[in-house]
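Below is one structure, written out as C-alpha cells; comments come after it.
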2 protein chains.
Amino acid sequence: MNLETIARLSGVSRSTVSRVINNSPRVSEDTRRKVLDIIQQTNFQPNIAARSLASGCTRILGLVIPTAVSNLFVDPYFPLLIQGITAACNARDYSMMLWLADAEYERRMMRQILYSGLIDGVLLASMPENDPMLEALREARRPFVVQGRDPHHSDVAYVDVDNLESSRQATLHLARLRHRRIAHITGPLNTAVGKDRRRGYEQALQLSGLSYSPALVAEGDFSYEGGYQAMLRLLPHNPDAVFVASDTMARGAMRAVIENGLTIPEDIAMVGFDDMPFAAQMEPPLTTVRQPVLRMGSVAAETLIELIENPNAKPLGIRLPTELVIRASCGFSLRAGAAA
Amino acid sequence: MNLETIARLSGVSRSTVSRVINNSPRVSEDTRRKVLDIIQQTNFQPNIAARSLASGCTRILGLVIPTAVSNLFVDPYFPLLIQGITAACNARDYSMMLWLADAEYERRMMRQILYSGLIDGVLLASMPENDPMLEALREARRPFVVQGRDPHHSDVAYVDVDNLESSRQATLHLARLRHRRIAHITGPLNTAVGKDRRRGYEQALQLSGLSYSPALVAEGDFSYEGGYQAMLRLLPHNPDAVFVASDTMARGAMRAVIENGLTIPEDIAMVGFDDMPFAAQMEPPLTTVRQPVLRMGSVAAETLIELIENPNAKPLGIRLPTELVIRASCGFSLRAGAAA
DNA sequence: GATAATCGTGAGAGCGCTCCCATGAATTTG
DNA sequence: CAAATTCATGGGAGCGCTCTCACGATTATC
C-alpha cells in the first residue's frame with residue numbers, strides 16, 4: 001500500500017495524493033475529497049521512512065535523560081515531564097523517542113542521535129553542568145532545548161522554573177511566620193538548580209534581616225537518604241525551621257526530625273520543593289513549592305518544535321512560575337495570628 | 001555525507017561499504033579495515049530513514065502505555081520498566097519510542113504505530129483487559145509482547161511475574177506467623193493482576209485451613225487513596241493481618257491503621273506487593289513481594305527483538321520469579337519463635 | 001589440468017515518498 | 001481579443017540506503 005496505489009484507486013497522480021496528505025492548498029475540493037475517501041477506505045498511512053528520506057525530517061523528538069539522574073527516576077518527576085512532552089507531541093503530530101544515556105553507550109548514542117537523521121531535535125532533561133552532550137549538540141547544529149537553566153551558556157534555549165525567586169518566597173514565608181533560625185538543605189551544589197535555590201534562601205534571609213550561618217546549611221543530593229543525613233547534621237545547631245530543596249529530601253529530613261523526638265511544625269517548621277504527589281500525604285502534610293512539571297514538559301516540547309520548524313528563531317529561555325502550596329508542615333495555622 | 005562518499009574516499013564501491021557497515025562476512029579484512037578507518041575519521045553515521053526504506057525495518061521498538069494507567073505513572077514502576085527496556089535496546093542496538101496512549105489520539109496513534117512502518121514491534125505495558133490495541137496488533141500482524149499476562153489470549157507473547165504463586169506465598173507467610181484473620185486489599189478486579197493476586201490469597205487461606213470471608217476482602221485500585229479507603233472498610237471486621245496487592249496501597253492502608261490508633265505489626269501485620277523503593281523506608285519497613293521490574297523490562301524487550309528477527313518463532317509467555325522480602329511490618333521478629 | 005565451487009567486489013534496481021518543473025485549462029488584464 | 005497570470009495536475013529526479021545478480025579471481029575437487 002503506497003501513494004501510487006492510492007493514486008490509481010482515486011484516478012489521480014501520485015503528486016496529487018501527496019498534496020492531499022500534506023494539506024497543500026493547490027488541490028481542488030473535488031479531488032481532495034475523492035482522495036481522502038480512498039485513504040479512509042484503505043486505512044492508508046504514508047511510510048515514515050520514505051517521507052523522512054525525501055523530506056529530510058522525521059517529526060521525531062529525542063528526549064535524553066542522563067544516567068547520572070536516572071536514579072532520580074524513582075521520583076515521579078520524569079514521568080510527569082514525559083507526560084507533558086507527550087501531550088505536546090500529540091498535539092503537533094510529533095513522536096517522542098527516549099534515550100536513557102548510559103555512560104557506556106554514550107558516545108555511540110550521541111553519534112546516532114546527532115548524525116543518523118533519526119530525530120529532528122533534542123530535549124535534554126536535567127543535564128549536569130558542562131555535559132559534553134550540549135557541546136556536541138551545538139557543534140552538530142541541531143535544534144535543542146534543555147530543561148533546566150544552564151548558567152554557562154546564554155544562547156541556549158531552555159525551560160525552567162525560577163528557582164531563585166521560588167526559594168526566596170519559600171524562605172520568606174518561613175521568616176514571616178517568625179522563624180529565626182531557618183536552616184537549608186541544598187540540592188547538589190554542582191548543579192545550577194542547587195546553587196540557585198541556595199541563593200534564593202540567602203537572599204530571603206538578608207531581606208528579612210536574618211544573619212546567614214554556614215552551620216545552618218547542609219548539602220544534600222536530592223535523595224531521601226541525603227535529606228535524612230543532612231538533617232542529622234543540622235539538628236545540633238537547633239534550627240527552628242528548614243527549607244529543603246526537594247520533597248524527597250524533605251521526607252528524609254522529616255524522618256530524622258521525628259526520630260530525634262522533635263515535632264513538625266511545633267519544634268521545626270519545614271518547607272519543601274516540587275509538590276510531588278506524596279507531599280500532601282505526609283504527616284504532617286508538607287508545605288512546598290509547586291513546580292509545573294507537566295507544563296514544563298509540554299512547553300519544552302513546543303519550544304523545540306518551534307525551533308525545528310523555524311530555524312531562524314532565536315533560542316530563548318523560558319521560566320515558568322511556581323506556586324507556594326501552604327500545608328501544615330510550615331506551622332502556618334499555629335502562627336497565622338502572629339504573622340498577620 | 002553518505003555511503004557514496006565513504007566509498008569514494010576508501011576506493012571501493014558503495015556496496016562494499018554497505019557490507020562493512022552491516023558486518024557482512026563477504027569482505028576481506030584489508031578492505032574492511034580501510035573502510036572502517038574512513039568511517040571513523042569522517043564520523044559517518046548511516047541515514048536511518050534510507051536504511052529503513054530499503055530494508056523495511058527500523059530497529060525501533062514502540063512502548064505503549066495506556067492512559068488509563070498513566071496515573072499509575074506516579075509509581076516508579078514505569079520508570080524502572082523503561083530503564084530495563086532501554087538497557088536491552090542498547091545492548092541489541094535498538095532504540096525505543098514511547099507512546100502514552102491518550103484516549104483522544106488513540107485511533108490515530110494506533111494507525112500510525114501499526115501502518116507507518118515507524119516501528120518494528122510493539123511492547124504493550126500493563127494493558128487493561130480486552131484492550132482494542134491488542135486486536136489491532138494481531139490484525140496488522142506486527143510482532144508484539146505484552147507486559148502482564150492476558151487470560152483471554154493464549155497465543156500472545158507476554159512477560160509477567162507469577163502473581164498467583166507470589167500472592168500465595170505472601171499470604172502463606174502471614175498464616176505461618178499464626179495470623180488467623182488475614183484480610184486482603186485487592187487490585188482492580190477488572191484486571192488479570194488483580195484477579196490473580198486475589199486467587200493466590202484465597203488458595204493460601206485454603207492451604208492453611210483458614211476460612212475465606214468476603215468481609216475480609218476489599219477492592220482497591222492500586223492508588224494510595226484506594227488503599228486507605230479499603231483499609232477503613234476492613235478495620236471493623238478486626239483483621240489481624242492484611243495482604244495488600246501493591247505497596248502504594250499499603251502506604252495508604254498503613255495510614256488508615258495508624259489513624260485508628262492501631263499498631264503495625266502488633267495489632268495488624270501487613271505485607272505488600274512490588275517492593276517499591278519507599279517500602280524499606282516506611283515505618284515500620286514493609287514486608288513485600290519484590291518484583292523484578294527492571295528485569296521484566298529487559299526480558300520483554302529481548303523477547304520482542306527475538307520475535308522481530310525471527311518471525312517464525314512461536315510467541316511464548318515468560319513468568320519471572322518474585323522474592324518475598326521480609327521486613328518488620330509482618331511481625332516476623334515478634335512471632336518468629338512461634339512460627340519455627 | 002579441466003570443471004566446479006567459493007570468494008570479494010561492483011553495478012543497478014528499487015524502497016515510497018517530496019519537490020521542482022512542465023503543461024494545459026481557466027481566468028484575468030490592458 | 002491577444003497576452004499574461006493563475007490554477008490544478010502530472011512527470012521525473014532524487015533522497016541514501018539494501019539487496020540481488022553478475023563477474024572475474026581464487027581455491028577446491030576428481
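Hydrogens, waters and symmetry mates play no part in the numbers below; they use all other heavy atoms, side chains included. In what follows, every chain begins at residue 1, and chains take the letters A, B, ... in the order their sequences are listed.
- In this structure, B:L53 and A:A49 approach most closely via the heavy-atom pair N-CB, 3.7 Å.
- A donor-acceptor contact under 3.5 angstrom links the side-chain atoms of A:R14 to the base of C:dT18.
- For A:T31 and A:S28, the side-chain atoms include at least one donor-acceptor pair closer than 3.5 Å.
- Rounded to an integer number of Å, the gap from CZ of A:R26 to C1' of C:dC19 is 13 Å.
- Dense packing is recorded around CZ of A:R138, with more than 12 heavy atoms of other residues, nucleotides or ligands lying under 6.0 Å away.
- Here A:T31 reaches the OP1 or OP2 of D:dT9: one of its side-chain N or O atoms lies under 4.0 Å away.
- For B:T16 and C:dG10, a side-chain-to-base donor-acceptor distance below 3.5 Å is absent, hydrogens and geometry of angles not being considered.
- Toward the 5′ end of DNA chain C lies the nearest nucleotide of B:R32, the other residue of the pair B:R32 and A:S18 mapping further downstream.
- Base contact: A:S15 has a heavy atom under 4.0 Å from a base atom.
- You'll find that the side chain of B:L3 is closest to D:dC17, out of D:dA8, D:dC17, C:dC17.
- Considering only side-chain N and O atoms, B:S55 lies nowhere under 4.0 angstrom from the phosphate OP1 or OP2 of D:dT18.
- Summarising the geometry, the separation between CG on A:L53 and P on C:dC19 is reported as 12 Å, rounded to the nearest angstrom.
- When rounded to the nearest whole Å, the span between CZ of B:R19 and P of C:dG10 equals 8 Å.
- The residue B:S52 sits apart from the nucleic acid: no heavy atom pair falls under 4.0 Å.
- Distance CZ (A:R8) to C1' (D:dG10): 16 Å, rounded to an integer number of Å.
- The CZ atom of A:R59 sits 15 Å away from the C1' atom of C:dC17 (whole-angstrom rounding).
- In terms of phosphate contacts, B:N47 brings no side-chain nitrogen or oxygen within less than 4.0 Å of OP1 or OP2 of D:dG16.
- The distance between atom CD of B:E4 and atom C1' of C:dG12, rounded to the nearest whole Å, is 12 Å.
- Within the nucleic acid shown, A:R51 comes within 4.0 Å of sugar-phosphate atoms alone, with no base atom in reach, counting heavy atoms only.
- Residue-environment remark: CZ (B:R295) stays at or below the threshold of 12 foreign heavy atoms within 6.0 Å.
- The nearest whole Å value for the distance from the CG atom in A:L118 to the P atom in D:dC17 is 13 Å.
- A:M1 has its CE atom 10 Å from the P atom of C:dC17, to the nearest Å.
- A:M97 pairs in a side chain to side chain contact (heavy atoms under 4.5 Å, CB included) with only one of the listed residues (A:L61, A:L63, A:L118), which is A:L118.
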